[in-house]
Amino acid sequence: SSCFLGAGYSADDASMVQEAFRLADEIQASTQSLRSQILITTLSESILSSIAEYCENNKKPATFLKRRGDFNRVKSAEKSGHIVVGHADFVGGLEFNGVVIVGVDKGRVPSASDTVDSNSRNYASYAAHNRLYVASTRARFALVLTGVASRGPSELLRNASIRGLITGIGSVASVTK
């Protein structure tokens, strides 16, 4: 089967978070899904905090995952009609019709702040690959990666683009799953 992959880049973190919700609504409509079948996720604790703040300030109904494979919170989202939000570390074992991964850009995926030597850079890259893999494979039909334009796309996407696994970074593309 195939899914749709889009990569979009915003002016700053605030507009990136706002765009994630717009994209989630777009995916919901295009896949004819319930809100609870759409996931907004990130590999960054600070972006997750920004998402929570955005939800609170803009009265966006969302159910936040509290731990890995949090089926109870997903069931709660189904009952309340909320979109599901959670850190990439919490989405393993869950599946959604559409996924928006927020903050997939240079310096964040993998994080540049923790990488002092080559061993820590290698580990950060390995951990980011694993988290991005888990988050992206939660999507049944649609996957969108977002970031901040001034940062540019994550280096992790470069190899997939070169090998033809992802085409059209910055636009809608088809990806074989």
Side-chain angles (χ1 to χ4, degrees), residues 1-105 108-109 111 127-148 154 156-157 166 172-177:
S1 72
S2 66
C3 66
F4 293 104
L5 169 75
Y9 294 90
S10 300
D12 55 33
D13 283 0
S15 59
M16 177 183 63
V17 168
Q18 182 178 358
E19 179 69 358
F21 282 87
R22 189 196 66 75
L23 290 165
D25 289 342
E26 192 176 297
I27 291 169
Q28 179 196 356
S30 68
T31 60
Q32 299 179 347
S33 299
L34 300 173
R35 288 185 61 74
S36 62
Q37 294 171 321
I38 306 300
L39 170 69
I40 295 177
T41 187
T42 182
L43 284 67
S44 163
E45 290 290 340
S46 65
I47 293 175
L48 188 62
S49 294
S50 295
I51 292 169
E53 185 178 308
Y54 177 81
C55 288
E56 186 176 322
N57 292 343
N58 295 279
K59 300 190 180 3
K60 290 284 184 183
T63 297
F64 284 76
L65 301 174
K66 301 293 184 193
R67 63 182 178 281
R68 182 172 169 81
D70 200 345
F71 294 102
N72 291 335
R73 300 292 292 169
V74 173
K75 291 289 181 202
S76 172
E78 286 175 18
K79 290 177 185 165
S80 61
H82 289 181
I83 203 160
V84 177
V85 177
H87 192 280
D89 289 342
F90 296 167
V91 301
L94 303 174
E95 194 172 49
F96 299 88
N97 287 350
V99 174
V100 178
I101 307 176
V102 184
V104 185
D105 48 29
R108 277 198 273 233
V109 178
S111 174
H129 272 92
N130 282 342
R131 286 180 170 138
L132 190 57
Y133 171 80
V134 169
S136 62
T137 57
R138 303 305 91 202
R140 286 187 192 109
F141 306 119
L143 172 64
V144 178
L145 310 174
T146 70
V148 171
S154 167
L156 297 187
L157 303 179
I166 299 175
V172 174
S174 180
V175 176
T176 302
K177 211 175 171 187

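Atom set for the values below is all heavy atoms of this structure, side chains included, hydrogens, waters and symmetry mates excluded.
Within the 4.5 Å cutoff, the side chain of Val99 has no heavy atoms near those of the Val144 side chain. Residues Val17 and Ser50 are in side-chain contact: their nearest non-hydrogen atoms beyond the backbone lie under 4.5 Å apart. Between Val102 and Thr41 there is no side-chain heavy-atom pair separated by less than 4.5 Å. Proximity of Leu39 to Val100: side-chain heavy atoms (C-beta onward) are nowhere separated by under 4.5 Å.
Between the side chain of Thr42 and the backbone N or O of Ile47 there is no donor-acceptor pair closer than 3.5 Å. For His82 (side chain) and Arg35 (main-chain N/O), no donor-acceptor pair under 3.5 Å exists by modelled atom type. At distances below 3.5 Å, not a single donor-acceptor pair connects side-chain atoms of Ser33 with backbone N or O atoms of Ala29. In terms of modelled atom types and a separation under 3.5 Å, the side chain of Arg138 and the main chain of Leu94 share a donor-acceptor contact.
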**OP:** For Val104 and Ser154, run side chain to side chain contact (heavy atoms under 4.5 Å, CB included): C-alpha distance rounded to whole Å, both residues' side-chain angles, the deciding distance at 0.1 Å, then the answer.
**Re:** CA-CA 6 Å; Val104 185; Ser154 167; 3.8 Å; yes
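To the nearest 0.5 Å, atoms CD (Gln28) and CD1 (Ile83) are separated by 7.0 Å. Between the CD atom of Glu19 and the OG1 atom of Thr146 there is a distance of 8.0 Å, given to the nearest 0.5 Å. Distance OG1/Thr63 to CG/Asn72: 12.0 Å, rounded to 0.5 Å. Taking CD1 from Ile27 and CG from Leu143, the interatomic distance works out to 7.5 Å, rounded to the nearest 0.5 Å. Distance NZ/Lys60 to CD/Glu56: 15.0 Å, rounded to 0.5 Å. Taking OG of Ser76 as the reference point, atom CG of Asp70 lies at 9.5 Å (rounded to 0.5 Å).
Counting all heavy atoms, side chain and backbone alike, Thr31 lies closest to Ala142 at CG2-CB, 4.3 Å. The shortest non-hydrogen separation linking Ala11 to Val148 is O-CG1, 3.6 Å. Contact record, Ala24 with Ile40: CB-CD1, 3.9 Å, taken as the closest heavy-atom pair. Ile101 and Ala135 get closest at one heavy-atom pair: CD1-CB, 3.7 Å. Listed here is the closest heavy atom pair of Val109 and Gly103: CG2-O, 3.4 Å. In terms of heavy atoms, Phe64 sits closest to Ala52 at CZ-CA, 3.6 Å.
Classification of Asp13 and Arg108 as a salt-bridged pair holds, one side-chain N sitting under 4.0 Å from a carboxylate O. Remark: Arg68 does not engage Asp89 in a salt bridge, criterion side-chain N to carboxylate O under 4.0 Å.
In this structure Phe21 satisfies the ring pair (Phe, Tyr, Trp, His ring centres under 6.0 Å) test together with Tyr54, sequence neighbours excluded.
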